[in-house]
Amino acid sequence: MALLDLFLVVGIIAGVYSLLAIGMNMHWGDTGLLNFAHAAFFAVGAYTSAILTTPTPEAGLLAERTVGFDLPVVVGIVAGTVLAAVLGFVIATTSVRLEGDYLAMVTLSSAELVRLVIHNEAWLTTGAQTLKNIPRPMESTVATLPVSYDVFYFLLVWALVGATYLLFERMSNGPFGRVLHAIRENDDVALALGKDVTQFKLKSFAIGAGVAGLAGTLWAHYVYAISPVMFLPSITFLIWAAVIIGGAGSYAGAIVGAVVIVFLRQVTRFIPGSVPFSDQMSYLRLMLVGVVLVAVLYYRPEGLLGNAERLQAGTSEGE
Amino acid sequence: MTEGEMTEGEMTEGEMTEGGSSGGSSSDPIPVGTLAPFSQGLGWVGPNAARGRDVALQSINEELVLGREVEINEQDTETTPQAAVSGFTTLDQAGVVAMLGPSSSVIPNLFQPISDAGLPTLSVSAGTIQMNDVGGPDAYLWRTVPSDSIAGRAQGQYALDQGFESMAVSYKDDKGSQSFSASVADYFTGQGGSQVADVPLAIETDSYRSEVQEIVDSEPDVISMTAGTEVSALFMQNYIEAGADIPLFLGNDVLTPDFIERVGADVMAESPVFGQAPAPGPAFDQFEQRHRDLHGEAPGTFGAAGYDAMNLIALAAVRGGAADRETITQNINPVARPDGTEVSTFADGKSELEAGNEINYQGASNPQDFNEFGDPVGPFAVLEVSDASWAELTTFSADELTT
Amino acid sequence: MVLDPQFIWNGIVVGSIISVSALGLTLIFGILNFINIAYGDYMATGAYLAFALNAQIGLPLGVAIVAGVAGMAAGAVLIDKLVFEHFRTSSPVTLLIVSIGVAFFIRNLIRAIWGPTGNFYDVPIEANPNLFGVRYSVEQLSIIVASLLLLTAVYVLLRRTRIGIAMRAASDDRTLTRIRGVDTERLVLYVWIAGGAIAGLGGIMLGLDAQIRPNMGFTALIPIFAATILGGIGDPKGAVAGGFAIGILQEVSVVVVPSEYKFAVALAALIVGLLLRPDGLFGEATR
Amino acid sequence: MTLLSVDGIRKTFGGIVAVEDVSFDVDRNEIVGVIGPNGAGKSTTFRLLTGFHTPDAGTVEFDGEDVTDHSPDARARSGMIRTFQIAQELTGMPVMQNMLLAAQGHPGERAVTSALGIGGTSAFEADQRDRAEELLKLLELWELRDEYAGNLSGGQRKLLELGRSLMADPDLLLLDEPMAGVNPDLTDRLLERILELRDQRDMTFLFVEHDIDAVMRVADTVVGMHNGAVLSMGSPEEVQSDDRMLEAYLGGEV
């Protein structure tokens with residue numbers, strides 16, 4: 001049983017990361033947009049939902065937050081998703097018309113600004129202090145069922161991953177995705193064929209950011225408490241690694257990549273503390289992620305589940 | 001290797017469900033967890049605490065607990081709740097009977113899981129006042145360092161005793177430092193002092209020159225600056241550069257020889273710098289000596305707290321006669337109750353308990369007398385730098401700080 | 001409100017560091033045509049190399065700085081041989097992602113070797129002398145002088161030497177240069193040496209003025225990006241001007257903006273710059 | 001009846017004049033060729049017509065509407081479709097997808113309809129597949145419909161690009177040097193198709209071309225450019241016999 005519990009917790013984290021990777025795949029895999037603000041969308045989803053679903057805390061020495069709404073969790077989840085999408089839209093409007101490098105720099109900087117705001121605007125977010133007592137959805141109902149809460153939440157998260165996967169697969173394989181793919185390959189062609197490229201890019205950015213926001217809400221309602229240190233840029237880079245390893249352009253690949261990354265980190269937890277360099281384990285883990293990322297790009301640029309033939313055809317001109 | 005580990009975990013589990021009493025097998029080691037930050041922001045806390053813990057562990061494994069050795073399973077929280085949650089579940093799954101370590105950055109995420117798992121946990125570093133009303137046997141949670149509100153009183157009281165009337169408060173913009181600073185300011189202003197500036201110090205920045213300027217411009221009698229080593233060092237550098245000579249209080253975390261060395265012994269001695277720390281517990285000197293013997297260096301911040309936490313867990317198991325979660329939970333307070341025979345090592349405690357006596361564990365970081373929320377109350381010392389080390393100026397007793 | 005000249009001085013110091021660093025980034029971009037996310041970590045590596053030699057081994061600071069700069073120049077070439085060389089024909093975006101992997105590796109290697117906390121060079125801390133109400137330190141003076149020397153040297157290199165002129169040509173049009181018989185692989189080698197050395201120097205300057213942290217370069221990337229974009233990405237002259245503009249703006253902003261939001265000034269400048277002058281301060285045809 | 005009217009357009013780059021006071025009209029169902037030596041300003045003119053550049057002065061009217069400030073995609077939606085000098089098929093997409101992309105007014109190109117398959121998406125898609133099938137068969141690319149476009153030969157790519165443009169059902173098709181890098185055999189086929197399309201589908205063509213012979217064979221009107229200005233305009237024979245044009249070509253070829 002206990003091993004199952006561990007599997008459930010790791011599985012829930014993997015599910016949340018999968019949603020993040022699905023959003024990123026819409027940006028990069030489908031549309032070719034360089035998004036480095038994923039941690040910010042994740043954070044906005046988490047904080048929005050947490051603030052909306054908790055009551056205003058009692059005044060205390062540190063409880064500086066002066067807002068709280070105590071709304072149902074489902075409201076928080078929807079609002080967190082929407083607000084993250086809106087933020088994605090706003091960030092993208094500044095630079096989506098320009099070349100990809102600019103978008104990369106702007107998104108990376110914007111994400112840090114978002115974290116700075118969360119950190120400093122304590123009246124809204126509790127600032128550096130932990131925003132606590134976030135309710136878990138349907139906790140009392142689940143308590144009457146013969147399964148543990150983790151089982152319920154695991155199923156909930158993966159049901160949402162499944163639903164999101166199906167929706168995004170259809171979007172990607174439908175006419176909308178076709179335009180995104182065209183934009184990824186060549187903006188000018190899409191323009192010449194009458195596609196409003198900027199609008200499509202903004203939509204893609206907003207939708208992907210929204211899914212990251214959804215992931216944030218699910219995470220917040222699972223871990224009881226959130227703080228700004230949970231949303232460092234390294235999350236964005238890990239999700240990039242997941243998408244590349246899984247295979248850019250493939251939603252199944254995005255999920256597989258996320259699961260691989262999460263389980264890689266968990267497996268190294270079983271290494272006993274007595275082996276050499278165990279104190280450096282967390283750094284070695286991240287170094288390994290760096291090496292794997294570069295190796296995948298070199299040996300298997302299409303990733304685990306990406307489409308090699310497409311990639312081959314796509315670069316046949318040596319461009 | 002991974003597989004081997006997993007099998008072991010399952011065996012422990014099987015044994016617990018079958019026998020009900022874990023005292024059953026006399027040879028298997030007792031699994032105890034350490035869940036602390038070994039990397040990222042508070043990455044220096046875990047190693048310090050673990051070295052202190054190992055000093056305790058050395059004699060525990062010579063004497064044995066109920067005839068068994070204690071085996072440590074160490075998990076890194078990476079200072080972030082994500083990693084802390086999966087680290088916690090890993091320990092829970094491995095069947096550890098008690099756990100020590102987690103810092104204030106992740107503790108709020110663990111309140112509920114700890115109580116769900118019924119896994120007794122002793123934090124060795126979380127001073128946060130968010131924990132003031134959480135803890136004790138019902139919550140399975142203790143800490144072996146005093147609350148910031150007590151430390152804050154010590155600092156505030158000393159400032160008042162010196163006749164300082166106005167204070168500028170500055171702090172690293174993170175959870176722990178904010179909590180500490182808020183306590184100082186709250187006490188100081190509550191006793192009639194005035195606060196003239198409130199200056200947060202951003203975490204990842206390259207200078208605090210403008211912040212120092214802002215503080216100096218507010219013309220305080222005294223500055224209270226709370227931060228970890230990194231921010232404190234940079235603040236000190238900018239404070240000295242600016243030629244400021246306003247008395248400066250530092251936070252608990254930097255009262256180490258290492259910090260003096262980092263900033264420079266001469267400037268630290270010349271500047272009007274003070275600090276306050278829990279007055280070392282009765283067992284500190286012998287702990288320090290054994291720490292030097294084992295590791296070849298003096299204990300770092302939270303080392304003594306790690307030592308105490310390990311001893312308390314082991315003694316609780318001895319007193320209760322079983323190494324399981326519930327027994328340890330029910331016996332943490334009893335081994336530290338003030339009316340027992342005072343002991344300061346595991347060996348002494350064990351022999352007293354085996355002789356049928358009650359004990360009062362006197363720790364290295366602190367006497368470890370817990371209040372109803374699992375917080376230790378104890379005396380605090382005010383320190384200044386002389387001869388490249390921290391020297392005691394005065395001490396406030398536990399009574400002075402809690403009334 | 002009268003502007004405290006101290007803020008301007010601080011801004012010039014910070015601006016010098018950003019300018020030097022932005023110059024290295026933009027040179028690499030000009031020739032290799034990709035944004036090297038690991039650049040900040042190159043800076044940190046330079047700073048740590050010098051730290052190891054100075055504070056840990058005990059060499060004089062000057063020697064340690066030269067060795068740190070040279071070490072990072074060699075390091076940049078080594079990383080190119082190990083990693084980037086194998087991606088020469090890849091798209092700029094692939095290279096950018098490769099550089100994320102490199103950044104992950106370097107930053108965590110630094111943490112594993114030197115630990116996660118900050119360090120200082122072996123420079124005595126003392127009260128700074130005061131001139132006309134402006135406090136300055138010897139290190140700050142050296143930073144400004146060194147950055148001016150470096151900027152002049154690079155300017156001369158790009159204008160007057162064969163290799164520099166080839167670099168500029170390559171930066172304008174890589175295929176054109178190939179046709180005219182410039183050995184692009186050799187150019188790439190030179191640009192990594194120059195870019196690596198400049199990154200190392202930028203990191204050491206930052207470490208001298210502030211402290212040496214594993215994350216120092218990554219945090220510095222945002223103002224550096226802002227300077228690069230403001231100056232027109234790939235344009236050395238613009239990067240330098242952008243660097244000073246951002247540095248001074250950022251330090252002076254504390255008069256009106258809470259200091260926690262100091263770095264947001266760089267971001268705001270970046271976005272305003274993008275919206276108004278997407279091609280940079282000096283305008284056109286850089287891309 | 002005039003379909004496209006260009007009036008006094010001008011474009012400079014960093015002080016250098018690329019196009020100066022260019023004016024001409026294209027009538028419905030007409031084939032117009034723009035010719036000129038390298039550097040004559042043909043390509044810039046082409047980009048000004050298609051919206052990839054905005055003129056400093058002058059106007060472009062299409063179908064009676066001033067489109068001077070319209071973006072390329074807006075112009076495309078109003079019926080002006082362009083091709084590229086170097087065929088820009090989307091290499092990582094199959095031939096059929098390249099064709100379907102060009103369909104105008106696709107209800108499924110909204111995210112929601114695409115994800116849920118509502119709003120007549122499938123019916124529209126099926127119609128477009130039929131149209132694409134017809135065109136691909138006409139261009140002898142039907143067998144290759146599932147092949148990635150990047151795997152096609154150079155000539156097949158040109159044909160695909162033509163087919164894709166036709167999928168958009170344009171009123172005016174703007175071709176950027178369609179004969180460049182194409183073997184004579186294929187040139188003949190392309191020209192044949194253009195004439196057929198003009199007659200059968202009532203289409204209008206404007207093309208910029210370096211290859212004068214090709215232009216002379218099909219164009220109704222030829223615009224001869226030199227140094228950014230219109231040098232000569234009229235029937236192919238008139239322009240061909242214009243001495244200034246001959247001189248320009250000779251001068252330009254040095």
Side-chain angles (χ1 to χ4, degrees), chain A residues 1-10 12-13 16-17 60-64 112 116 119-120 122 126-133 136 148-150 219 222-232 234-235 262 265-275 278-283 285-286, chain B residues 1-3 5-6 9-10 12-13 17 34 38-41 43 46-47 50 72-76 78-83 85-90 92-95 104-113 116 128-130 149 172-179 182-183 185-186 200 202-203:
Chain A
M1 271 309 278
L3 196 60
L4 177 66
D5 289 342
L6 178 61
F7 171 79
L8 289 172
V9 172
V10 177
I12 289 168
I13 296 176
V16 169
Y17 274 54
L61 259 191
L62 286 173
E64 291 166 3
E112 283 297 278
L116 204 61
H119 195 111
N120 287 299
T126 332
Q129 301 299 325
T130 308
L131 198 167
K132 289 187 299 183
N133 302 328
R136 286 184 157 188
S148 75
Y149 192 81
D150 281 359
W219 186 230
Y222 180 68
V223 291
Y224 302 105
I226 52 174
S227 58
V229 293
M230 292 163 74
F231 305 100
L232 299 174
S234 57
I235 291 204
V262 171
R265 285 164 72 90
Q266 178 59 32
V267 161
T268 50
R269 287 197 173 273
F270 292 111
I271 298 171
S274 52
V275 301
S278 61
D279 281 358
Q280 273 82 36
M281 192 53 71
S282 82
Y283 307 129
R285 265 202 294 262
L286 292 174
Chain B
M1 180 184 303
T2 304
E3 229 164 294
E5 280 288 313
M6 307 242 277
E10 281 169 48
T12 314
E13 176 58 27
T17 42
T34 299
F38 287 90
S39 60
Q40 313 291 349
I72 297 294
N73 186 334
E74 204 165 88
Q75 296 293 333
D76 185 1
E78 300 172 20
T79 326
T80 64
Q82 279 101 320
V85 167
S86 62
F88 176 82
T89 320
T90 306
D92 185 21
Q93 176 269 328
S104 58
S105 46
V106 303
I107 271 277
N109 296 83
L110 298 176
F111 287 159
Q112 194 63 39
D116 289 348
T128 177
I129 59 182
Q130 282 193 320
S149 30
K172 179 183 177 188
D173 203 359
D174 74 357
K175 203 177 304 192
S177 304
Q178 278 184 359
S179 154
S183 307
D186 183 51
I203 294 170

### Message
Report which part of A:S227 has an atom under 4.5 Å of a heavy atom belonging to chain B: side chain, backbone, both, or neither.
### Response
side chain
#### Entry: Atom group of A:V223 that falls short of 4.5 Å from chain B, counting heavy atoms
both
### Query
chain B heavy atoms under 4.5 Å from A:N120: which part of the residue, side chain, backbone, both or neither?
side chain
### Message
Donor-acceptor pair, distance only, cut-off 3.5 Å: does the side chain of B:S179 make one with the backbone of B:I129?
### Response
yes
### Task
Give the intermediate values and the outcome of side chain to side chain contact (heavy atoms under 4.5 Å, CB included) for residues A:I13 and A:W219.
CA-CA 8 Å; A:I13 296 176; A:W219 186 230; 3.7 Å; yes
#### Entry: Interface moiety of B:T79 toward chain A, non-hydrogen atoms closer than 4.5 Å
backbone
### Summary
So, the part of B:A50 with a heavy atom under 4.5 Å from chain A: the answer is neither
### Query
Considering only heavy atoms from C-beta outward, does the side chain of A:V229 approach that of B:P81 to under 4.5 Å?
yes
### Task
Mind ranking B:N109, B:T80, B:D116 by heavy-atom pairs under 4.5 Å with chain A and telling me who comes out on top?
B:N109
#### Entry: B:S177 side-chain N/O to B:D173 backbone N/O, donor-acceptor pair under 3.5 Å
no
### Query
Contact part of A:R136 toward chain B, heavy-atom cut-off under 4.5 Å: side chain, backbone, both or neither?
neither
### Query
chain B heavy atoms under 4.5 Å from A:L131: which part of the residue, side chain, backbone, both or neither?
neither
### Query
What distance separates B:Q82 CD from A:F231 CZ, expressed to the nearest 0.5 Å?
7.0 Å
### Query
Got A:L8 and A:Y149 here, is their nearest side-chain heavy-atom distance under 4.5 Å?
no
#### Entry: Side chain / backbone / both / neither for B:Q75 at chain A, heavy atoms under 4.5 Å
both
### Query
If only atom types and distance count, is the side chain of A:D150 paired as donor or acceptor with the main-chain N or O of A:D5 below 3.5 Å?
no
### Task
Pick one of side chain, backbone, both or neither for A:I235, based on which atoms fall under 4.5 Å of a heavy atom in chain B.
side chain
